[in-house]
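To start, the structure under review is shown below, and the notes come after it.
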Amino acid sequence: MKIKLIDIPKITNTKGNIGVIENDTIPFDVKRVYYLFDVPSGAKRGGHAHKKLKQILIAISGSFDVVLKDGKKKEVVTLNRPDKGLLIENNIWRELENFSSGAVCLVLASEVYDEEDYIRSFKEYKTFVSNEL
Ligand code: T46
């Protein structure tokens, strides 16, 4: 599985930095932005795949691990920098865990929220991707 980390352009300054995301920074048009915050210690998020949705995850603050599965392989990516975005394509299973205290996960999404786009059972996901191949 190819892990795609996107460099988010930044404007650095001794008074603090600015990260800037514009149309050409990411490979899709953003239709929704949401963020995970106040995640309790030990909590796990995700545990699903999307049929169509693509997303970029950014650790705006703190850190967390993203476990990615494509039905064959598993990869773990630690996000801990606000200038790196992890691209998660459609049809990829994801789990988020090991959130640090105060971690904030910003998500840029290619689609509006649609529960019909979720595959929330790993068994169903395995069947779905094997039919896609
Ligand atoms: C993902 C990871 C990183 C909405 O109504 N609108 C929204 O835009 C979102 C994201 C969620 N919801 C509702 C759906 C559920 O009733 O909020 C509830 C919790 O959602 P979920 O269990 O999907 O949350 P996470 O943190 O496990 O997953 C979310 C995204 O849903 C998912 O696409 O990749 O963050």
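Worth saying up front: this structure is predicted, and the values here are computed from it rather than measured. Just follow the structure's listing: the first ligand is 1, and inside any ligand the first atom is 1.
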What residue and heavy atom of the protein are closest to [atom], and at what distance?
atom                    : result
atom 24 (O) of ligand 1 : R45 NH2, 3.3 Å
atom 28 (O) of ligand 1 : H48 CE1, 3.2 Å
atom 27 (O) of ligand 1 : G46 N, 2.7 Å
atom 14 (C) of ligand 1 : Y113 OH, 3.2 Å
atom 30 (C) of ligand 1 : Y34 OH, 3.1 Å

Is_contact([atom]), protein non-hydrogen, under 4.0 Å:
atom                    : value
atom 16 (O) of ligand 1 : no
atom 33 (O) of ligand 1 : yes
atom 10 (C) of ligand 1 : yes

Please list, in number order, the atoms of ligand 1 under 4.0 Å from a heavy atom of [X].
X    : result
R32  : 7 (C), 8 (O), 9 (C), 10 (C)
R120 : 21 (P), 22 (O), 23 (O)
Y118 : 23 (O), 30 (C), 31 (O), 32 (C), 33 (O)

**Item:** Proximity flag K44 to ligand 1, non-hydrogen atoms under 4.0 Å
**Value:**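 Contact check K44 vs ligand 1: negative.
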**Asked** Less than 6.0 Å separating the ring centroids of F122 and Y125?
**Response**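 Yes - the distance between ring centres of F122 and Y125 falls below the 6.0 Å cut-off.
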**Asked** So is there a nitrogen or oxygen of H50 less than 3.5 Å from a nitrogen or oxygen in ligand 1?
**Response**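 Among all N and O atoms of H50, at least one is under 3.5 Å from an N or O of ligand 1.
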**Asked** Under 3.5 Å between some N or O of ligand 1 and some N or O of E115?
**Response**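 Min N/O separation from ligand 1 is not below 3.5 Å for E115.
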**Message:** I want to check something: taking the side chain as every heavy atom from C-beta on, are L57 and L96 in contact at a cut-off of under 4.5 Å?
**Reply:**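 Sidechains of L96 and L57: in contact.
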**Request:** For the residue pair H50 and E111, establish whether any side-chain heavy-atom pair is separated by less than 4.5 Å.
**Result:**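 They are not in side-chain contact.
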**Request:** Determine the interplanar angle of the F99 and F64 rings, folded into 0 to 90°, and report it as parallel if under 30°, tilted if 30 to 60°, perpendicular if over 60°.
**Result:**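 It falls in the parallel class, under 30°.
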**Request:** Quick one: which residue pairs count as a ring pair (Phe, Tyr, Trp, His ring centres under 6.0 Å) with a foot in residues 15-35, not counting sequence neighbours?
**Result:**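 Those involving residues 15-35 are Y35-F37.
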**Message:** With rounding to the nearest 0.5 angstrom, report the CD1 to CG distance, I6 to L87.
**Reply:**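 These two atoms lie 5.0 Å from each other.
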Is a donor on one side and an acceptor on the other found under 3.5 Å between the side chain of [X] and the backbone of [Y]?
X    : Y    : answer
S61  : V104 : no
S110 : K54  : yes
N90  : K51  : yes

**Side chain, backbone, both or neither: I88 near ligand 1, heavy atoms under 4.0 Å** =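 No part of I88 is near ligand 1 at this cut-off.
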**Asked** Near E115 CD, under 6.0 Å, is it more than 12 heavy atoms from other residues, nucleotides or ligands?
**Response**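 Result for CD/E115: enclosed.
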